[in-house]
Amino acid sequence: MAFKTKQDQVADILRARIISEVYPRGTKLKQSDIAKELGVSITPVREALHMLGAEGYVEAISHKGLIVPLVQPETARETLELRLMLERELTARALERMDALTLTAMRESQRVIAQHARAGERRVSRAENYNFHFRLYELAERPQTLQFVRVLWARYPFVTQERGGARLKNIEEHERFLMLIEAGDRAGAVEAMVAHIESGWNDLMAGKAR
C-alpha cells in the first residue's frame, strides 16, 4: 500500500469526518482549529484542505472561507451510476491483491462499525465505514480511479440513508462481503459489494418516499 504523507493522513481524517457529519454540510472549517485538534501544524492542514477542495469535499466561499458544501440531489442518480461502475472495478482489482493483513484490518473495521452502529453512535460508525471501503479500494493500486471515487463520495448523500434498519443492514452486507472473500469467492464478493452500494441507494429512495 502506498506511503501516506502527513497531508494525506489529515485529508483522510477530514474526508471521514465530512462523510460522517462530524463536520455537517454547511460547516465552516478553520485551519487553526483543525490543526490544534489533530495535533499537527497548519501546513499539512492547509495542503489537505486544498486537496479536498479539488475533490469537492470543501468549497471556498467569498467572505465566508472554507465550508463543507451541500449535496446537489439532482445529480445523485448519476453519482450512483458512476460509483457502481468504478467501485466494481476497484473491488475486483483489490481482491486480486487481497492479503491477510488487509483482510484483518477490514475485519477490525467491521467490528468497530457494528459496535458503534448498534450503540447508536452513528458518526463513529460512518467514519469507520469510510475506512472499510477505502482500505479495500487502495489495495487495487489504481490511483486515478481511486481519486474519482473520492470525488463521487464527496457528492453522495450518505447521511440520509440511515433510516429504520438501514444501519444493521449495512453491517450484514459487509459481513456477507467478508465471508465471500474468506471463502475464496472473488466474483461473489464483487457482486456483494455492488449489491451493497445499490442497497444504500434503495434505502435513500425509500426514505424520500416516506
Shortest non-hydrogen contact from Leu180 toward Ala192: CD1-CB, 3.8 Å
Residues forming a salt bridge (Lys or Arg N to Asp or Glu O under 4.0 Å) with Glu191, sequence neighbours excluded: Arg88
From CE (Met98) to CG (Leu103), nearest 0.5 Å: 6.0 Å
Whether Asn129 side chain and Arg126 backbone form a donor-acceptor pair below 3.5 Å: no
Student check: side-chain heavy atoms of Gln110 and Ile171 closer than 4.5 Å: yes
Nearest non-hydrogen partners of Gly56 and Pro69, listed with the distance: O-CG, 3.4 Å
Flag side-chain contact, heavy atom, 4.5 Å: Glu81 against Met85: no
Joint hydrophobic cluster, Ile113 plus Met179, side-chain heavy atoms closer than 4.5 Å: no
Sequence neighbours left out, cut at 3.5 Å: what donor-acceptor pairs do the side chains of residues 32-49 make with other protein atoms?
| from | atom 1 | to | atom 2 | distance (Å) |
| --- | --- | --- | --- | --- |
| Glu37 | OE1 | Arg17 | NH1 | 3.4 |
| Glu37 | OE2 | Arg17 | NH1 | 2.9 |

Gap between atom CE of Met193 and atom CD1 of Ile181 - 0.5 Å precision: 7.5 Å
Rounded distance [0.5 Å steps], CG in Leu101 versus CZ in Arg135: 9.5 Å
Residue pairs fulfilling side chain to side chain donor-acceptor pair (under 3.5 Å) with at least one residue in residues 176-185, sequence neighbours excluded: Arg107-Glu182
Contact check, side chains of Asn170 and His196, non-hydrogen atoms, under 4.5 Å: yes
Full working for side chain to side chain contact (heavy atoms under 4.5 Å, CB included) between Leu29 and Val68: CA-CA 7 Å; Leu29 300 178; Val68 180; 4.0 Å; yes
Any side-chain heavy-atom pair of Lys30 and Leu66 under 4.5 Å: no
Path from Phe177 to Val194 over hydrophobic side-chain contacts below 4.5 Å: yes
Any side-chain heavy-atom pair of Val149 and Leu82 under 4.5 Å: no
Side-chain heavy atoms of Val22 within contact of Thr27, under 4.5 Å: no
Minimum side-chain heavy-atom gap Glu89-Tyr137 below 4.5 Å: no
Glu74 atom CD, neighbour heavy-atom count above 12 within 6.0 Å: yes
Verdict with supporting geometry, Thr75 and Arg155, side-chain hydrogen bond (donor to acceptor under 3.5 Å, both in side chains): CA-CA 8 Å; Thr75 64; Arg155 301 177 182 181; over 6 Å; no
hydrophobic_cluster_shared for Val151 and Val71, side chain cutoff 4.5 Å: no
Donor-acceptor pair, side chain of Lys64 and main chain of Lys28, under 3.5 angstrom: no
CG on Leu86 to CZ on Phe148, rounded to 0.5 Å: 8.0 Å
Verdict with reasoning, Leu14 to Tyr23, per side chain to side chain contact (heavy atoms under 4.5 Å, CB included): CA-CA 8 Å; Leu14 297 182; Tyr23 304 140; 3.7 Å; yes
Partner set under side chain to side chain contact (heavy atoms under 4.5 Å, CB included) for Arg150, not counting sequence neighbours: Asp12, Arg15, Glu55, Tyr57, Tyr130, Phe134, Glu138, Leu146, Gln147
Those residues that, when tested against Leu80, pass side chain to side chain contact (heavy atoms under 4.5 Å, CB included) (two or more places apart): Arg77, Leu84, Tyr156, Ile197, Trp201
Rounded distance [0.5 Å steps], CG in Leu90 versus CZ in Arg142: 8.0 Å
Which residues share a side chain to side chain donor-acceptor pair (under 3.5 Å) with Gln9, sequence neighbours left out: none
Under 3.5 Å side-chain donor-acceptor pair for Ser20 and Arg122: no
Taking every non-hydrogen atom, the tightest pair across Asn131 and Ser109: CB-OG, 4.3 Å
Residue pair Val112 / Gln115, side-chain heavy-atom distance below 4.5 Å: no
No-hydrogen, no-angle side-chain donor-acceptor test under 3.5 Å, Ser199 and Asn202: no
Glu141/Arg97 ion pair, N-O < 4.0 Å: yes
Salt-bridge present (Arg111, Glu108; N to O < 4.0 Å): yes
Verdict with reasoning, Thr102 to Leu136, per side chain to side chain contact (heavy atoms under 4.5 Å, CB included): CA-CA 8 Å; Thr102 304; Leu136 172 71; 5.9 Å; no
